[in-house]
S.K.: 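Next up is a structure, given as structure tokens.
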2 protein chains.
Amino acid sequence: MRRDVYQGIADPTRRAIIALLALQAMTPNAMAEHFNISRQGVSNHIKILTECELVKQEHQGREIYYTLEIKKLKEIDKWLEQYRAIWESQFNKLDKVLSNLKKQKK
Amino acid sequence: MRRDVYQGIADPTRRAIIALLALQAMTPNAMAEHFNISRQGVSNHIKILTECELVKQEHQGREIYYTLEIKKLKEIDKWLEQYRAIWESQFNKLDKVLSNLKKQKK
DNA sequence: TATATGCGCAAACAATCACTTGCGCAAATT
DNA sequence: AATTTGCGCAAGTGATTGTTTGCGCATATA
């Protein structure tokens, strides 16, 4: 069983949960109200998110508030970094082509 | 069958393929040499990457060169954007705490 | 103390996954 | 013309997924 950030964000419902938790900490029941799946379905996703360390829990009485571990998302950002350089240089190339076309028009 | 970028990058072998193709276009056979799985195993991944539009093909005789569609990775970057704002503000808060501690020491 | 509520665990399900092996087609080499 | 090479397609395998329903344990309310 693979448990990493990439796996964590692979499912659309999990990305929706992440979006919710970015706004505020929430209990599983509160999250479930936003989706068409059962409370337990949501809990299963939370379990995976917890295992990926994308989410942490805060017990409060019998309720459990889940919070987003935003720094885990930084991992993806770091992975993207190596490719950002490439697409930026590609954009610059395109930019050059365009400005050359402009010059030719003149 | 879900076919989006997030699914595309969910598998470690596929991320490795992406890394290879970032350096240069390659045939499936060439890629397979880098991994411990069969040529067909690699081809299965390529198929998924193609369906996610993370990869495009260029036929050249009987060989097929695959190239990385870097702009598709930008989609992830765009998704991350909303969270970047959050972790940056969190970092600034931490920064404040640290500089306050420093002041107190003085 | 009895009952209701919030939650995780466990088991079950079909669907999808990552792989493999075997095949056949088309391009290249002999 | 015969053989080799590069590739995708198809079918098969066991493992993992997303989901559900039923359970039991705590905490809260009556």
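A note on names: the letters A, B, ... follow the listed sequences, proteins ahead of strands, and every chain is numbered from 1.
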S.K.: Regarding Gln57(A) and Tyr66(A), is there a side-chain donor-to-acceptor distance under 3.5 Å anywhere?
M.R.: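 Yes, because at least one side-chain N or O of Gln57(A) sits under 3.5 Å from a partner of the opposite role on Tyr66(A).
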S.K.: Reading DNA chain D from 5' onward, which residue's closest nucleotide shows up sooner: Met1(A) or His45(A)?
M.R.: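 Result of the comparison: Met1(A).
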S.K.: For DNA chain C, which residues in residues 51-59 of chain B have a heavy atom at a distance below 4.0 Å?
M.R.: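 Correct list: empty, so none.
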S.K.: Send over the distance from Lys47(A) NZ to dA11(C) P, rounded to a whole Å.
M.R.: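 So the two atoms are 12 Å apart, to the nearest Å.
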S.K.: Side chains of Leu73(B) and Trp79(A), heavy atoms from C-beta outward: is any pair under 4.5 Å?
M.R.: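 Yes. Closest side-chain heavy atoms under 4.5 Å.
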S.K.: Do Lys78(A) and Glu81(A) meet the salt-bridge criterion of a basic N to acidic O distance under 4.0 Å?
M.R.: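 Looking at Lys78(A) together with Glu81(A), the answer is no, because their closest N to O distance does not fall below 4.0 Å.
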S.K.: Run the side chain to side chain contact (heavy atoms under 4.5 Å, CB included) test on Leu54(B) and Glu69(B) for me, step by step, so that the C-alpha distance in whole Å, both residues' side-chain angles and the decisive distance to 0.1 Å come before the verdict.
M.R.: CA-CA 5 Å; Leu54(B) 266 163; Glu69(B) 277 290 296; 5.6 Å; no
S.K.: Generate the contact string for nucleotides 20-30 of chain C. Rules: B means base contact, S means sugar-phosphate contact only, - means no protein heavy atom under 4.0 Å.
M.R.: BBB----BS--
S.K.: So, OP1 or OP2 of dT17(D): does either fall under 4.0 Å of a side-chain N or O from Arg3(A)?
M.R.: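 Yes.
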S.K.: Side-chain contact test, heavy atoms from C-beta onward, threshold under 4.5 Å: evaluate it for Ile76(A) versus Leu80(B) and give yes or no.
M.R.: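 SC-SC contact between Ile76(A) and Leu80(B) confirmed.
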S.K.: Is the shortest side-chain heavy-atom distance between Leu21(B) and Ile17(B) below 4.5 Å?
M.R.: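 Touching, per the 4.5 Å side-chain cut-off.
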S.K.: Flag the pair Arg14(A) / Ile48(A) as yes when at least one side-chain heavy-atom distance between them is below 4.5 Å, and no otherwise.
M.R.: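 Yes - at least one pair of side-chain heavy atoms lies under 4.5 Å apart.
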S.K.: What is the distance, to the nearest angstrom, from the CZ atom on Phe35(A) to the P atom on dT19(D)?
M.R.: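 Rounding to the nearest Å, CZ of Phe35(A) and P of dT19(D) are 10 Å apart.
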S.K.: Going by heavy atoms closer than 4.0 Å, what residues in residues 17-34 of chain A are next to DNA chain D?
M.R.: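 Residues of residues 17-34 of chain A that come under 4.0 Å of DNA chain D do not exist, since none gets that close.
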S.K.: dG18(D) P sits how many Å from Arg15(A) CZ, rounded?
M.R.: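 That distance rounds to 11 Å.
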S.K.: Step by step, would you call His45(A) with Lys47(A) a side chain to side chain contact (heavy atoms under 4.5 Å, CB included)?
M.R.: CA-CA 5 Å; His45(A) 283 302; Lys47(A) 196 177 179 220; over 6 Å; no
S.K.: Can you tell me how far P of dT16(D) sits from CZ of Arg2(B), to the nearest Å?
M.R.: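 Taking CZ of Arg2(B) and P of dT16(D), I get 17 Å after rounding.
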S.K.: Thinking salt bridges, do Lys71(B) and Asp77(B) make one under a 4.0 Å N-O criterion?
M.R.: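 Salt bridge flag = no for Asp77(B) with Lys71(B).
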S.K.: Less than 4.0 Å between a side-chain N and a carboxylate O, is that true for Asp4(B) and Lys72(B)?
M.R.: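 The answer is no: the pair does not qualify as a salt bridge.
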S.K.: Given 3.5 Å as the limit, does a donor-acceptor pair link the side chain of Arg3(A) with the main chain of Cys52(A), or not?
M.R.: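 The answer is no, because no donor-acceptor pair under 3.5 Å joins these two groups.
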